[in-house]
Amino acid sequence: MVGALTGEPVAQHHIRARWDLQQSGDAVYLLARRDGEIVGQTVLLRHSKYAEVRADADPAEINALHAYVPRQGIGTAIIRAAEEIAAGEWKRSAIGLGVGFDNAPARALYKRLGYEPWSGPQVIDEWTEQAADGTVVRTHSDPCEYLLKTF
């Protein structure tokens, strides 16, 4: 199943890491399905992965949201499910996410759904890209805007 989500062996490490977070209780790995096919995914973290955000607002956090078919409501459905878990089950008062400055369509969606720019400093999203055998190919450090929604 691990490789079935994307068809790419490289993605297996990210999927395993998300599954491990869920198994530890630190996150929920959300998959969107339509007609039996997986059409989107994200991981909902109980706490922000950014220390500066945790120190200020400590929201639950949507991480690595991906809708495989754009503009069909998949991203919105995933976000709504994440918000329901964060506010309802986890009793969190806020939810947040980082969005790249070059991702205008995603930023527009988030703002339309009530996410506002966080008042703190710009965050740097750091993540590693791995080869199929698990070796680190590259480490990314991407500046992003942090958006926050309070309940």
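- Applying the salt bridge (Lys or Arg N to Asp or Glu O under 4.0 Å) test to every pair with at least one member in residues 36-53, sequence neighbours left out, gives these pairs: Lys49-Asp125.
- Note that CG of Leu148 and CG of Asp56 are 8.0 Å apart. Values are rounded to the nearest 0.5 Å.
- Looking at residues two or more places apart in sequence or on another chain, you find a side-chain contact (heavy atoms from CB on, under 4.5 Å) between Asp26 and Leu21, Ser24.
- The list of ring-ring contact (aromatic ring centres under 6.0 Å, His included) pairs with a residue in residues 75-120, not counting sequence neighbours, reads Trp118-Tyr146.
- Partners of Ala87 under the side-chain contact (heavy atoms from CB on, under 4.5 Å) rule, at least two apart in sequence or in another chain, are Phe151.
- The line from CG of Asn63 to OG1 of Thr42 is 6.5 Å long, rounded to the nearest 0.5 Å.
- Under the 3.5 Å distance criterion, the side-chain polar atoms of Arg54 are matched with a main-chain donor or acceptor of Ser48.
- Sorted pairs that involve residues 93-106 and meet salt bridge (Lys or Arg N to Asp or Glu O under 4.0 Å), not counting sequence neighbours, are lacking altogether.
- If you chain together hydrophobic residues whose side chains sit under 4.5 Å apart, Leu113 and Val99 fall into the same group.
- In terms of the side-chain contact (heavy atoms from CB on, under 4.5 Å) criterion, residue partners of Gln22 (sequence neighbours excluded) are, by chain and number, Trp19, Val28, Tyr29.
- Taking the salt bridge (Lys or Arg N to Asp or Glu O under 4.0 Å) definition, one finds that Lys111 meets it with nothing, sequence neighbours left out.
- With sequence neighbours left out, Arg107 forms a salt bridge (Lys or Arg N to Asp or Glu O under 4.0 Å) with Glu145.
- In this structure, Leu30 is not a member of the same hydrophobic cluster as Leu45, with clusters built from ILVMFWY side-chain heavy atoms closer than 4.5 Å.
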For residues 71-82, dump all side-chain donor-acceptor pairs below 3.5 Å to protein atoms at least two apart in sequence or in another chain.
{"from": "Gln72", "atom 1": "OE1", "to": "Arg34", "atom 2": "NH1", "distance (Å)": "2.5"}
{"from": "Arg80", "atom 1": "NH1", "to": "Glu83", "atom 2": "OE1", "distance (Å)": "3.2"}

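- Counting only heavy atoms from C-beta outward, the side chains of Cys144 and Val123 approach each other to under 4.5 Å.
- In this structure His47 satisfies the ring-ring contact (aromatic ring centres under 6.0 Å, His included) test with no other residue, sequence neighbours excluded.
- Under the side-chain contact (heavy atoms from CB on, under 4.5 Å) criterion, Ser119 pairs with no residue, sequence neighbours left out.
- Under a hydrophobic-cluster definition in which Ile, Leu, Val, Met, Phe, Trp and Tyr are linked whenever side-chain heavy atoms come within less than 4.5 Å, directly or via other members, Leu97 and Ile85 are assigned to the same cluster.
- Linking ILVMFWY residues whenever their side-chain heavy atoms come closer than 4.5 Å, directly or via other members, places Leu44 and Leu147 in the same cluster.
- Placement of Val43 and Trp127 in two distinct hydrophobic clusters is found when ILVMFWY residues are connected by side-chain heavy-atom separations under 4.5 Å, directly or transitively.
- Asp58 meets the salt bridge (Lys or Arg N to Asp or Glu O under 4.0 Å) test with Arg92; sequence neighbours excluded.
- A pairwise comparison of heavy atoms in Pro143 and Gln122 identifies CB-NE2, 2.9 Å as the closest pair.
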